[in-house]
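What follows is a set of notes on a single structure, which appears directly below.
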Amino acid sequence: MTPQEFENEIRKLKKELNAVILAHYYQESPIQDLADFVGDSLELSRRAAATTADVIVFCGVHFMAETAKILNPHKPVLLPDLLAGCSLSDGCPPAAFRKFREAHPDHVAITYINCSAEVKALSDIICTSSNAEKIVSQIPLDQLILFSPDKNLGAYINKKTGRNMLLWNASCIVHETFSERKLIGLQLEHPDAELIAHPECEDHILAKSAFIGSTSMLLKYVQESSRKKFIVGTEYGIVHQMEKHTTGKTFLPLPPEANCSCNECPHMKRNTLEKLFLCMKNMHPQIEMNSDLLNKARKPIDKMLAMS
Ligand code: 13P
Ligand code: SF4
């Protein structure tokens with residue numbers, strides 16, 4: 001089948017199933033174009049919580065589809081490739097996280113949504129990159145906090161809020177790859193370009209950024225800014241929407257140190273048009289969870305939705 005035929009079949013199946021297709025900005029462009037909604041982690045969670053569709057097709061990574069299932073326990077949630085993981089989630093195994101919590105019983109656990117349902121179930125409040133600062137700011141100043149699993153986002157929020165949260169030591173393989181050396185070269189070549197970055201980047205990149213925010217915040221920023229050229233310090237999939245929603249603006253990818261495409265998330269890119277078509281045709285693979293875990297993981301997500 002050609003890409004156009006896949007797209008036609010997916011649109012047909014969407015109607016037949018009364019399905020909604022939710023996609024993250026890091027999905028390949030044809031998937032973003034087919035989706036009913038493209039957004040960041042918080043917006044996708046909100047959409048999943050509010051949908052009236054019978055079937056949720058989630059084009060993103062596993063923890064995102066799992067969150068949609070937690071918010072819709074009675075609906076099928078399809079993920080084109082169940083192996084679409086996340087290095088942050090992998091970097092925080094539930095047994096080790098439980099020990100971390102037990103070692104700090106007087107701390108509140110605020111956990112980035114990029115984690116497994118098991119880790120969510122062991123947490124007090126979930127956050128995303130777009131509401132982390134808001135949520136941390138609502139915690140009384142004398143309350144100690146554990147922030148997991150992203151040490152870069154945690155350090156950024158510590159700086160912004162003046163808190164001293166204890167940080168779990170994990171990071172994103174994509175956002176850690178950006179090269180400061182190549183950034184300087186790019187800035188010399190394009191002195192009119194502004195660096196914008198996701199808070200999962202390391203501090204030496206964030207320190208040089210004119211704007212830091214979640215994927216949706218970066219998109220909004222380039223739409224509203226009078227600047228014409230940007231160096232984009234996040235996964236390059238977001239540029240599809242930046243180009244769609246602006247005219248006459250240039251977006252340069254912040255390069256990785258090696259000559260590779262490490263600024264593409266290999267997990268996000270596991271989903272393809274073909275796999276999207278097959279999962280809708282076969283109603284498989286689906287996210288399956290036991291109800292006990294689902295109920296426990298839901299509490300800190302509900303808290304996040306109420307606080308943001
Ligand atoms: P956003 O919530 O900003 O889209 O981030 C999700 C993510 O996985 C970034 O790597
Ligand atoms: Fe996880 Fe990084 Fe991929 Fe985002 S870009 S899904 S944090 S591995």
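Both ligands and their constituent atoms are indexed starting at 1 by order of listing. Numbers here are sequence positions counted from 1.
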Which ligand 1 atoms does His175 reach within 4.0 Å, using its non-hydrogen atoms?
-> 10 (O)
Give the numbers and elements of all ligand 1 atoms closer than 4.0 Å to a heavy atom of Ser214.
-> 3 (O)
Per-residue contact class, Tyr26 against ligand 1 - non-hydrogen pairs under 4.0 Å | side chain
Give the numbers and elements of all ligand 1 atoms closer than 4.0 Å to a heavy atom of Ser129.
-> 1 (P), 2 (O), 3 (O)
Taking NZ, NE, NH1 and NH2 as the nitrogens, is one of them in Glu28 or Lys269 under 4.0 Å from a carboxylate oxygen of the other?
-> no
Glu200: heavy atom below 4.0 Å from ligand 2, yes or no?
-> yes
Numbered in order shown, the ligand 2 atoms found under 4.0 Å of a heavy atom of Asn114 are 7 (S)
Among all protein non-hydrogen atoms, which one is nearest to atom 10 (O) of ligand 1, and what is the separation to 0.1 Å?
-> Glu200 OE1, 2.9 Å
Are the side chain of Lys69 and the backbone of His74 linked by a donor-acceptor contact shorter than 3.5 Å?
-> no
Which one of Lys228, Lys208, Arg227, Lys249 satisfies the salt bridge (charged side-chain N to carboxylate O under 4.0 Å, His left out) criterion with Glu194?
-> Arg227
Tell me which part of Glu235 gets within contact of ligand 1: side chain, backbone, both or neither, using heavy atoms under 4.0 Å.
-> neither
Considering only NZ, NE, NH1 and NH2 on the basic side and carboxylate oxygens on the acidic side, decide whether Asp33 and Lys244 come within less than 4.0 Å.
-> yes
Expected output: side-chain Arg163 to main-chain Ile139 donor-acceptor under 3.5 Å = yes
SB check Glu43 Arg46 (cutoff 4.0 Å) = no
Any heavy atom of Asn114 under 4.0 Å from ligand 1? The part involved is side chain
Does the side chain of Ser89 come under 3.5 Å of the side chain of Asn114 through a donor N or O and an acceptor N or O?
-> no
Against heavy atoms of Leu88, which atoms of ligand 2 measure under 4.0 Å?
-> 7 (S)
Could you tell me the residue and atom name of the protein heavy atom closest to atom 8 (S) of ligand 2, and the distance to it rounded to 0.1 Å?
-> Ser87 N, 3.5 Å
So, His204 versus Glu180: side-chain donor-acceptor pair below 3.5 Å or not?
-> yes
Please determine if atom 3 (Fe) of ligand 2 has an N/O/S atom from Cys265 lying under 2.8 Å away.
-> yes
Polar-atom distance check: His198 versus ligand 1, any N or O pair below 3.5 Å?
-> yes
Please work out whether any backbone atom (N, CA, C, O) or any side-chain heavy atom from C-beta onward of Met217 is under 4.0 Å from ligand 1, and answer side chain, backbone, both or neither.
-> neither
of all protein heavy atoms, closest to atom 2 (O) of ligand 1 is Ser41 OG, 2.7 Å
The closest protein heavy-atom partner of atom 1 (Fe) of ligand 2 is Cys86 SG, 2.4 Å
Which word best sums up how the rings of Tyr26 and His24 line up, parallel for under 30°, tilted for 30 to 60°, or perpendicular for over 60°?
-> perpendicular
Which of the atoms of ligand 1 are close to Asp40, meaning less than 4.0 Å from one of its heavy atoms?
-> 1 (P), 2 (O), 4 (O)
Heteroatom N/O/S of Cys172 within less than 2.8 Å of atom 2 (Fe) of ligand 2 = yes
Between Tyr26, Tyr112, Phe63, flag the one that comes closest to atom 4 (Fe) of ligand 2 by a heavy atom.
-> Tyr26
Plane angle bin for Phe211 and Tyr221 - parallel if under 30°, tilted between 30 and 60°, otherwise perpendicular | parallel
What do you reckon, does Thr215 have a nitrogen or oxygen under 3.5 Å from a nitrogen or oxygen of ligand 1?
-> yes
Aromatic centroids of Trp168 and Phe147 separated by under 6.0 Å | no
Which is it for Asp36 and Lys14 under the salt bridge (Lys or Arg N to Asp or Glu O under 4.0 Å) test, yes or no, and what are the steps along the way?
-> CA-CA 10 Å; Asp36 296 292; Lys14 197 164 77 85; 2.6 Å; yes
